[in-house]
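For reference, the structure discussed in these notes is given below.
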2 protein chains.
Amino acid sequence: MSDNTAESTARERAPRRMRTDARRNVEALLEAAKTVFSAAGVDAPAKEITDLAGVGVGTLYRHFPQRSDLIKAVIEREIDACADAAPALAAAHEPGIALARWLDRFTAFVATKRGFAAALHSGDPAFDGLPGYLMQKLGPALESLLEAATASGEIQTRISAQDLLYAVAKLCAPMPNEDPDYGRRMVALLVDGLRSGESPH
Amino acid sequence: MSDNTAESTARERAPRRMRTDARRNVEALLEAAKTVFSAAGVDAPAKEITDLAGVGVGTLYRHFPQRSDLIKAVIEREIDACADAAPALAAAHEPGIALARWLDRFTAFVATKRGFAAALHSGDPAFDGLPGYLMQKLGPALESLLEAATASGEIQTRISAQDLLYAVAKLCAPMPNEDPDYGRRMVALLVDGLRSGESPH
DNA sequence: GCTTATCCGGAAAGCTTTTCCGTATAGTTA
DNA sequence: TAACTATACGGAAAAGCTTTCCGGATAAGC
């Protein structure tokens, strides 16, 4: 560990870093995939994605050997974005508000990205790591928000971050022909349950 | 329209009833599909199903023009079985017990049949009718159980049959690597919330 | 037993994903 | 700057799955 390779700890044998064109293509693919998945669902043909990204299919499959790898990468990237939103909210609002806002943000993610629910319930072992990733990234974020709100007396913690995270993830996953407010309503019920008083008649 | 067509009321123009070999094949296909879906998931190749059923692919696709039609049929059939369980439970147990037992039955269905969650969240419009079917078949069943339990004073109805049905369906949908008791625990939380008293400390 | 509407099986067509490999190029060294 | 090489690219071809098609079989009615 002399100088430039900051993280040559032992973890990764990775010899050299990626060529810049390769890096650019990966980026373009992820962006294109996000767009196409939103428009046409995660089952959209790979061709559509490569065309939009302006690369050949070979390039797609070199970086993401399985179709599921691409889906996984897109989802993980959106989970990261969700986690990154927490500190800013915590800094800008009172604990109770910050918690509510962040839950809104997370709810929107789950409700909007159909691909997430589809992947989770697909049964494909390729996605088995996703709940773990979610927990690992979002668990601490939610936990710190919960703790702050508890400390300020705005809520009583009666549920673990993990249980709450999963409950929201499941309740807000969109079902066809569903009242679009169902998820939000159920989460509100849950969160109301956390406020100090009794149940709201 | 002279005599023999016993039910020429106006409802159905259906000229004659299905040939017996056709009926038998449909039955065999549904049974085989149920087995294969359980073992290998709903994405298992059609060939596996037709082989197990002992028919050609042509036969499969005549009766179920789209792959999704077969999945839909298998799921609807299991929903029916769930609905049919309600009257027997209501007759055999006190209202509160009957309700709990039926929710167990429903929970087991949702938790066990991965195909159900997969279909619901797939985004494929072919499955858009499924929540409606669920509600139509299971709504009345649950509603009568809820009413009986409310009438006998065992619970206070604070949630509609529809909301409860969907909440259970969503909370119990299995996620990979999840505590296998998570769903049951969450449903217990919900049902406890319906009992007359306050929240159980 | 004969007729005919209905159904069957599996070959082939149509798509999508995934592999493969000759060609192109970024990065490096002199 | 020029040459060299490891790395990456593109798209044709292979592989696998779903869906269509149709000549041949057969249950149902007379």
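Letters A, B, ... are given to chains in the order of the sequence lines, protein chains preceding strands, and every chain is numbered from 1.
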Can you give the donor-acceptor pairs under 3.5 Å from side chains of residues 82-92 of chain B to other protein atoms, not counting sequence neighbours?
none

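- For C:dC8, the OP1/OP2 oxygens have a side-chain nitrogen or oxygen of B:N25 closer than 4.0 Å.
- The end-to-end axis angle of the helix from C:dG1-D:dC30 to C:dA30-D:dT1, rounded to 10 degrees and based on five pairs per end, is 10°.
- By the side-chain contact (heavy atoms from CB on, under 4.5 Å) test, B:D43 is found to be paired with no residue, residues two or more places apart in sequence or in another chain being considered.
- Pairs engaging residues 126-141 of chain B under the side chain to side chain donor-acceptor pair (under 3.5 Å) rule: B:D80-B:Y133 [sequence neighbours left out].
- Of all the residues in residues 30-52 of chain A, A:A44, A:P45, A:A46 reach under 4.0 Å from DNA chain C with at least one non-hydrogen atom.
- Residues forming a ring pair (Phe, Tyr, Trp, His ring centres under 6.0 Å) with B:F127 (at least two apart in sequence, or on another chain): none.
- Counting only residues at least two apart or on different chains, the ring pair (Phe, Tyr, Trp, His ring centres under 6.0 Å) pairs with a member in residues 71-105 of chain A are A:W102-A:F106.
- For B:Q66, whose side chain is taken as the heavy atoms from C-beta onward, the closest listed nucleotide among C:dC8, D:dA8, D:dT19 is D:dT19.
- Of the residues in residues 53-64 of chain B, those lying under 4.0 Å from DNA chain C by heavy-atom distance are B:G54, B:V55, B:G56, B:V57, B:G58, B:T59, B:R62, B:H63.
- Nearest heavy-atom pair, B:A44 versus B:R67, reported as atom, atom and distance to 0.1 Å: O-NH2, 2.7 Å.
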Would you tabulate the pairs of protein nitrogen or oxygen atoms and nucleotide nitrogen or oxygen atoms of nucleotides 22-25 of chain C closer than 3.5 angstrom?
{"from": "C:dT25", "atom 1": "O2", "to": "A:R19", "atom 2": "NH1", "distance (Å)": "3.1"}

Check residues 172-183 of chain A and write down every donor-acceptor pair under 3.5 Å in which the side-chain atom is one partner and the other belongs to a residue at least two apart or another chain.
{"from": "A:E178", "atom 1": "OE1", "to": "B:K170", "atom 2": "NZ", "distance (Å)": "3.3"}
{"from": "A:E178", "atom 1": "OE2", "to": "B:K170", "atom 2": "NZ", "distance (Å)": "2.7"}
{"from": "A:D179", "atom 1": "OD1", "to": "A:D181", "atom 2": "N", "distance (Å)": "2.9"}
{"from": "A:D179", "atom 1": "OD2", "to": "A:R185", "atom 2": "NH2", "distance (Å)": "3.3"}
{"from": "A:Y182", "atom 1": "OH", "to": "B:D163", "atom 2": "O", "distance (Å)": "3.0"}
{"from": "A:Y182", "atom 1": "OH", "to": "B:A167", "atom 2": "N", "distance (Å)": "2.9"}

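- Under the ring pair (Phe, Tyr, Trp, His ring centres under 6.0 Å) criterion, no residue pair touches residues 50-82 of chain A, with sequence neighbours excluded.
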Give every donor-acceptor pair under 3.5 Å between a side-chain atom in residues 27-35 of chain A and any protein atom, sequence neighbours left out.
{"from": "A:E27", "atom 1": "OE1", "to": "A:R77", "atom 2": "NH2", "distance (Å)": "3.2"}
{"from": "A:E27", "atom 1": "OE2", "to": "A:R77", "atom 2": "NH1", "distance (Å)": "3.4"}
{"from": "A:E27", "atom 1": "OE2", "to": "A:R77", "atom 2": "NH2", "distance (Å)": "2.6"}
{"from": "A:T35", "atom 1": "OG1", "to": "A:E31", "atom 2": "O", "distance (Å)": "3.1"}

